[in-house]
Amino acid sequence: MSSSRRQYPFHLIEPKWQKVWDDQHAFRAFGPGDEIPANHPFAQRHKLSGKVSATQLPQKYYILDMFPYPSGAGLHVGHPEGYTATDILARYKRAQGFNVLHPMGWDSFGLPAEQYAVKTGQHPRKTTDENIATFKRQIKSLGFSYDWERELATTDTDYFKWTQWIFLKLYNSYFDPELDKAQPVELLEDALSDEPKQMGRWKNNAYLAGTHDAWKGFTAAQKNVRREIIDRSRLAFVSEQPVWWCEQLGTVLANEEVVDGKSEVGGFPVVRKPMRQWMLRITRYAEKLIQDLDTIDWTDSLKEMQRNWIGRSEGAEVDFQIAGSPEKIRVFTTRPDTLFGATYMVLSPEHKLVDQITTPEQREAIAKYKTEVAKKSDLERTELAKDKTGVFTGAYAINPVNGQKIPIWIADYVLASYGTGAIMAVPAHDTRDFEFATKFNLPIIQVVQPPDTKTNWQGFVGDGTAVNSAGTDISITGLPTAEAKRKITEWLESKGLGKKTINYKLRDWLFSRQRYWGEPFPIVWKKDASGNLYHEALPESALPVLPPSLTDYKPTTTGEPPLARAKDWVNLPDGSTRETNTMPQWAGSCWYYLRYLDAKNASAFVGKDAEKYWMGGKSAGVDLYVGGTEHAVLHLLYARFWHKVLFDLGYVSTPEPFFKLVNQGLILGEDNQKMSKSRGNVVNPDDVLKEFGTDALRLYEMFMGPLEMVKPWSTKGVEGVYRFLGRVWRLFVDDKSETDFEQAETTSQNTDTLLGLIKLDPVIKNAAPTPAQLKTLHAAIKKVTEDLDGMRFNTAISALMVFVNDAMTWEAKPVSVMRDFLILLQPFAPHLAEELWSRLSPVGNLSYQPWPKFDPALLVESEIEIPVQVNGKLRDVIKVPAGADNATIETAAKKSEKVLPFIDGKTIKKVIVVPKKLVNLIVS
RNA sequence: GCCGGUGUGGCGAAAUGGCAGACGCACAGGACUUAAAAUCCUGGGACUCUAAAAAGUCGUGUGGGUUCGAGUCCCACCACCGGCACCA
């Protein structure tokens with residue numbers, strides 16, 4: 001704590017204005033159909049009141065923060081970084097006349113509240129409510145211009161009712177590959193029933209025989225599997241697959257939540273375990289999720305992360321006949337052009353054909369290897385990646401291009417979960433195959449010639465020219481890689497041996513958790529006549545499905561969800577039982593930005609008019625979304641997926657939710673290390689606020705450096721901007737009255753009385769500004785405006801400082817200039833700016849004042865400085881009239897006394913004159 | 001290994017291919033003060049030469065290149081940060 005004297009009475013000003021804004025509901029956003037009170041500052045600014053339609057409203061600007069998980073620890077300085085940036089822009093856009101939507105809420109389902117409940121027995125709702133209260137108090141003390149009437153929490157029943165509703169939409173939809181969009185599942189039901197209501201394009205079952213792989217092995221005629229066909233087609237489906245199970249957390253996790261074989265939360269080990277789980281078919285949207293990245297304004301690095309995660313790769317599937325067997329092995333390869341170099345094949349140990357093709361002699365070795373692999377955790381499997389292992393099955397396959405018999409091996413470097421779980425190995429041109437072949441002495445044949453002949457072809461994986469690639473039927477020798485790929489794929493297709501294929505790394509989204517504190521599924525389980533379990537959706541009228549009350553929230557070690565303990569809740573009168581899994585934390589954050597548009601709607605997740613108005617327009621979707629980079633492949637991918645489903649089903653009007661997205665950079669501790677309790681370098685915003693006030697905190701967080709950069713905290717830096725705010729104060733305030741204020745403060749606590757003692761500096765007058773003053777003002781307007789448009793907050797603030805440094809020297813301060821300056825200051829330091837504004841201006845909220853426009857004519861100089869270089873080196877700076885032509889400038893440059901010694905007696909070979917910029921004399 | 005980002009004073013940083021270091025921190029000197037704090041003013045890239053001024057040389061991670069001119073553009077490297085990683 002510094003013992004320095006307070007720069008200005010922020011401790012009175014900040015609570016005062018926060019209360020004023022609160023009482024006025026000053027930042028309430030009005031949408032179509034809303035009733036605008038005539039005395040609201042928005043009504044006054046836009047001359048609108050009463051019930052308004054979308055066409056009457058000004059253009060919208062939707063600016064969104066990633067809502068926080070309200071943890072018990074409270075806010076850290078990383079939160080206000082993004083929130084301040086968005087608040088500055090919200091205030092700026094409001095001043096520009098936009099109808100700004102700037103909401104805040106709570107992502108409040110989650111592990112910590114539940115773990116606390118397990119320890120203490122306190123209901124998670126209680127903990128959650130307390131934490132929300134703390135977060136809200138802290139966030140409100142920062143003076144952000146949120147519309148608190150749209151506040152929401154994912155744990156509110158009024159909210160998760162609609163989360164469950166959207167789940168029902170997913171459950172009741174399937175992805176139609178022909179229409180390339182989600183469709184209601186009733187259409188499928190019709191198609192599969194005896195008397196379809198609309199036969200349409202399913203008339204001859206052509207569609208059913210088609211590409212939908214969920215239907216493999218079924219026909220519509222098999223009525224006993226009708227339900228199964230439908231259930232397999234749903235976007236929300238049940239699957240019995242190996243999933244990531246975390247014993248310490250007592251739950252399964254999504255792929256995205258597993259990092260290096262450990263849980264993302266807590267870092268506990270996870271293992272593969274087959275379990276019955278709910279999945280969402282995000283893979284159907286892989287292509288759209290990649291393609292539509294091109295339509296949105298995100299950073300390249302973030303787009304790249306999503307692209308990598310989705311992992312699209314183009315190639316071909318090729319069938320290899322097994323020698324002496326009717327079975328074929330299908331492989332996926334991105335390099336069909338290297339088919340002639342395939343000298344062996346590898347199946348993943350889990351491949352379904354392994355046992356069938358293994359020869360008796362190899363059976364024991366194969367069985368042993370499979371057991372070893374099964375024992376390995378995935379962590380071990382990847383950590384030991386360098387050392388290839390594998391076993392020969394004894395079987396051979398026929399290379400379709402040249403009829404050669406090649407051995408079939410199994411090895412754990414081939415993953416069961418990618419492609420077909422089997423590869424053709426081309427050791428000459430694949431690093432992994434090369435390592436394997438070297439270790440097990442398998443043949444290595446060159447089929448690609450590197451473009452640079454000096455490059456060793458062994459292990460060369462780049463593009464080149466095909467060599468040794470001629471069979472009896474097909475030759476690609478001599479073709480460059482791209483063409484070779486095309487030709488051989490066409491040949492394979494014509495022979496029915498393979499086809500062009502696109503593969504994705506993206507897996508379907510594991511959507512159920514064995515937890516208490518999450519949204520229950522609106523699903524029940526029933527038994528059919530033969531005793532088989534099947535699931536059924538609850539009707540919309542049954543929503544919300546509330547979780548039961550429990551006394552024991554503990555996860556089980558078996559994987560049975562804690563909700564199963566509530567027998568009364570689970571068992572329904574009709575004999576059916578409730579689904580006891582809950583949804584993952586990501587569910588609520590998948591659509592919260594839509595609920596803000598119409599947060600109190602009781603009859604729909606969002607009203608149609610509200611959705612159209614706030615999400616439509618020139619920049620479709622959220623205009624600006626700011627948050628941390630940690631959600632690059634989790635929340636941001638899931639939310640895009642849900643949005644696209646809702647779009648396909650006609651519930652939202654844009655294919656993408658977030659038009660522009662910016663990641664704020666991490667704030668490090670003063671020691672340049674990541675802030676953490678153990679390092680003891682954590683900065684608590686409450687402490688900063690107490691000492692310097694929230695305007696200083698806001699200003700500092702923006703002044704530190706560019707928003708998206710990683711940057712270290714500096715308490716001295718906060719003091720610096722705090723001093724700047726003090727200078728602003730003294731620029732406006734009479735120092736004698738400040739002395740009165742200070743004396744009165746020792747006896748009185750009343751804010752109004754005390755602030756009433758502060759008088760304006762008498763040199764602030766209704767007077768015409770001088771040209772120099774106007775120039776200073778308009779230079780600031782220009783710079784601040786341009787920098788805000790480009791989100792360069794740090795340089796915008798420095799422009800404000802430049803203005804103040806100059807204005808401090810003025811003997812007379814014209815009111816008009818000082819007012820415009822306060823409008824510029826308002827987005828950054830709203831409390832101080834409002835307080836000073838209230839003294840300069842008889843009426844009106846500063847936050848709704850029109851943003852000033854700069855006049856370029858005022859910035860024109862009559863005389864300009866031109867640097868003069870000789871051979872590129874600066875020798876002098878000359879002054880010339882602004883309108884001087886090149887010849888005049890050149891003459892003046894040559895006459896400069898400082899330049900003369902460098903050109904004297906030398907020949908000037910060339911003269912470069914850049915108008916208004918510089919002169920460069922080239923001499924020899 | 002692959003992909004992305006970043007390298008500029010003691011520190012945070014700023015510079016449409018045209019005066020490198022705006023603005024701020026820290027520091028130094030001065031004014032005010034009994035004194036300190038606060039405030040106000042002034043000065044700070046390095047080096048050489050000066051008593052001082054003036055002047056000169058070098059300087060944006062490294063090495064090349066393009067250009068009258070490069071922190072900025074191109075090529076090749078190095079370091080750090082972030083993401084992905086046996087994905088065929």
Side-chain angles (χ1 to χ4, degrees), chain A residues 2-7 259-260 299-305 307-309 311-313 315 331-335 338 346 381-382 384-388 411-415 417-426 429-433 435-436 461 503-506 629-630 632-633 663 665-666 668 670 672 700 703-706 708-721 723-724 726-727 730 735 783 792 794-802 805 808 865-877 898 901 909-914 916-923:
Chain A
S2 111
S3 57
S4 61
R5 183 181 159 229
R6 195 165 42 229
Q7 290 275 344
V259 178
D260 293 336
T299 59
D300 289 341
S301 76
L302 198 73
K303 287 185 182 181
E304 218 31 53
M305 275 192 225
R307 283 196 196 101
N308 286 341
W309 190 265
R312 182 185 198 272
S313 52
V331 301
F332 173 72
T333 175
T334 54
R335 293 297 299 271
T338 61
V346 188
R381 214 166 140 166
T382 46
L384 303 172
K386 300 140 235 164
D387 203 21
K388 297 277 179 293
D412 65 358
Y413 82 89
V414 173
L415 307 174
S417 56
Y418 184 76
T420 60
I423 61 156
M424 65 174 207
V426 184
H429 306 294
D430 181 280
T431 317
R432 297 147 301 177
D433 297 345
E435 283 169 19
F436 192 82
V461 298
N503 244 303
Y504 303 92
K505 281 197 272 182
L506 185 69
T629 183
E630 67 272 19
V633 287
N663 290 125
L666 205 64
L668 305 174
E670 296 216 55
N672 245 299
Y700 175 64
F703 189 60
M704 291 170 86
E708 56 281 15
M709 290 286 127
V710 178
K711 44 209 175 277
W713 185 265
S714 154
T715 301
K716 285 289 182 191
V718 189
E719 270 183 58
V721 294
R723 270 204 293 266
F724 163 69
R727 278 162 75 81
R730 291 189 294 276
D735 42 355
K783 182 82 177 127
R792 294 179 296 267
N794 53 334
T795 49
I797 292 167
S798 80
L800 294 171
M801 290 172 169
V802 170
N805 288 345
M808 290 293 275
E865 292 189 332
I866 304 251
V868 181
Q869 298 179 341
V870 178
N871 285 348
K873 278 188 182 152
L874 181 73
R875 296 302 175 189
D876 195 11
V877 178
K898 288 185 186 163
K909 287 202 302 188
K910 193 173 175 184
V911 179
I912 290 140
V913 181
V914 185
K916 292 180 185 164
K917 288 278 174 183
L918 125 166
V919 178
N920 193 1
L921 304 173
I922 312 301
V923 299

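Side chains are part of it too, since the values below use all heavy atoms of this structure and drop only hydrogens, waters and symmetry mates. This structure is a prediction, so every number in the text was calculated from the model and none was measured.
Counting to the nearest Å, the P atom of B:A88 and the CG atom of A:N503 are 8 Å from each other. A:F724 has its CZ atom 17 Å from the C1' atom of B:U39, to the nearest Å. A straight line from CD1 of A:I797 to C1' of B:A22 spans 14 Å, rounded to a whole angstrom. Atom CD in A:E304 sits about 16 Å away from atom P in B:G83, given to the nearest Å. Counting to the nearest Å, the C1' atom of B:U6 and the CG atom of A:L668 are 13 Å from each other. The distance from atom CD of A:E719 to atom C1' of B:A38 is 12 Å, rounded to the nearest whole Å. Note: CD (A:E435) to P (B:A88) measures 16 Å, nearest angstrom. A:M801 places its CE atom 12 Å from the C1' atom of B:G12, with the value rounded to the nearest Å.
When the C1' atom is used for both B:U72 and B:G65, the distance is 15 Å, rounded to whole Å. Rounded to whole Å, the P atom of B:U42 lies 12 Å from the corresponding atom of B:G24. Between the P atoms of B:C73 and B:U60, the separation comes to 15 Å (whole Å). Straight-line distance between the C1' atoms of B:G9 and B:G59: roughly 10 Å, to the nearest whole Å. Comparing B:G18 with B:G4, their C1' atoms sit 31 Å apart, to the nearest whole Å. Only the C1' atoms considered, B:G43 is 16 Å distant from B:A52, to the nearest whole Å. Here the separation of B:G21 from B:G10, taken at their C1' atoms, is 14 Å to the nearest Å. Taking the C1' atoms as reference points, B:U50 lies 15 Å from B:U57, given to the whole Å.
Glycosidic conformation of B:G59: anti, with the torsion beyond 90° of 0. Base orientation for B:G29: anti, the chi torsion being more than 90° from 0.
Here A:S714 lies out of heavy-atom contact (under 4.0 Å) with every strand. At a threshold of 4.0 angstrom between heavy atoms, the contacts of A:M808 are confined to the sugar-phosphate backbone, with no base atom among them. The residue A:R312 sits apart from the nucleic acid: no heavy atom pair falls under 4.0 Å. At the heavy-atom level, A:G720 lies under 4.0 Å from the strands shown only through sugar-phosphate atoms. Base contact: A:S798 has a heavy atom under 4.0 Å from a base atom.
One distance of note links CG of A:L302 with CG of A:N663; it measures 5.0 Å at 0.5 Å rounding. A distance of 8.0 Å separates CZ of A:F724 from CG of A:N805, quoted to the nearest 0.5 Å. To the nearest 0.5 Å, the span separating CE on A:M424 from OG1 on A:T338 amounts to 3.5 Å.
In this structure, A:N920 contributes its side chain and A:V868 its backbone to no donor-acceptor pair below 3.5 Å. Between the A:K711 side chain and the A:P706 main chain, a donor and an acceptor come within less than 3.5 Å of each other.
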Where do N or O atoms of nucleotides 14-20 of chain B meet protein N or O atoms at under 3.5 Å, pair by pair?
from: B:A14; atom 1: OP1; to: A:N794; atom 2: ND2; distance (Å): 2.8
from: B:U16; atom 1: O4; to: A:K917; atom 2: NZ; distance (Å): 3.3

Scan nucleotides 43-50 of chain B against the protein and return all N/O pairs shorter than 3.5 Å with their distances rounded to 0.1 Å.
none

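Partners of A:W309 by side chain to side chain donor-acceptor pair (under 3.5 Å), not counting sequence neighbours, listed by chain and number: A:E256. Shown here are the side chain to side chain contact (heavy atoms under 4.5 Å, CB included) partners of A:K716, two or more places apart in sequence or in another chain: A:S714, A:E719. For A:Y700, the ring pair (Phe, Tyr, Trp, His ring centres under 6.0 Å) partners are A:W713, not counting sequence neighbours. Remark: A:K898 engages A:D876, A:S896 in a side chain to side chain contact (heavy atoms under 4.5 Å, CB included) (not counting sequence neighbours). Taking A:E670 as the reference, A:T715 meet the side chain to side chain donor-acceptor pair (under 3.5 Å) condition, with sequence neighbours excluded. By the ring pair (Phe, Tyr, Trp, His ring centres under 6.0 Å) test, A:F436 pairs with A:Y344, A:W409, A:Y413, A:F440, sequence neighbours left out. Residues forming a side chain to side chain donor-acceptor pair (under 3.5 Å) with A:K303 (at least two apart in sequence, or on another chain): none. By the side chain to side chain contact (heavy atoms under 4.5 Å, CB included) test, A:V461 is found to be paired with A:T431, residues two or more places apart in sequence or in another chain being considered. Under the salt bridge (Lys or Arg N to Asp or Glu O under 4.0 Å) criterion, A:R727 pairs with no residue, sequence neighbours left out.
The nucleotide whose nearest atom lies closest to any side-chain atom of A:W309 is, among B:C23, B:A85, B:A88, B:A85. Side-chain atoms of A:D412 lie closest to B:C86 of the nucleotides B:C86, B:U39, B:C23. Proximity note for A:K716 (side chain, C-beta onward) versus B:A26, B:U39, B:C86: the nearest is B:A26.
Checking the phosphate oxygens (OP1, OP2) of B:G1, no side-chain nitrogen or oxygen of A:T431 falls inside 4.0 Å. Between A:K711 and B:G12 there is no side-chain N or O to OP1 or OP2 distance below 4.0 Å. Close to B:C25, at under 4.0 Å from its OP1 or OP2, lies a side-chain N or O of A:R723. An OP1 or OP2 oxygen of B:C40 is reached within less than 4.0 angstrom by a side-chain nitrogen or oxygen of A:R727.
Residue whose closest nucleotide on RNA chain B sits further toward the 5' end, between A:Y418 and A:Q7: A:Q7. Two residues, A:I922 and A:N805, neighbour RNA chain B, and the one matched to the more 5' nucleotide by heavy-atom proximity is A:N805.
A:S313 has its side chain out of reach of A:Y504: every pair of non-hydrogen atoms, C-beta onward, lies at least 4.5 Å apart.
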How would RNA chain B look in dot-bracket form, 5' to 3', counting Watson-Crick and G-U wobble pairs with both distances under 3.5 Å and writing | for bases paired to another strand?
(((((((..(((.....[....))).(((((.......))))).((((......))))..(((((..]....))))))))))))....
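Checked by distance alone, A:K388 brings a side-chain donor or acceptor within 3.5 Å of a matching partner on the base of B:C86.
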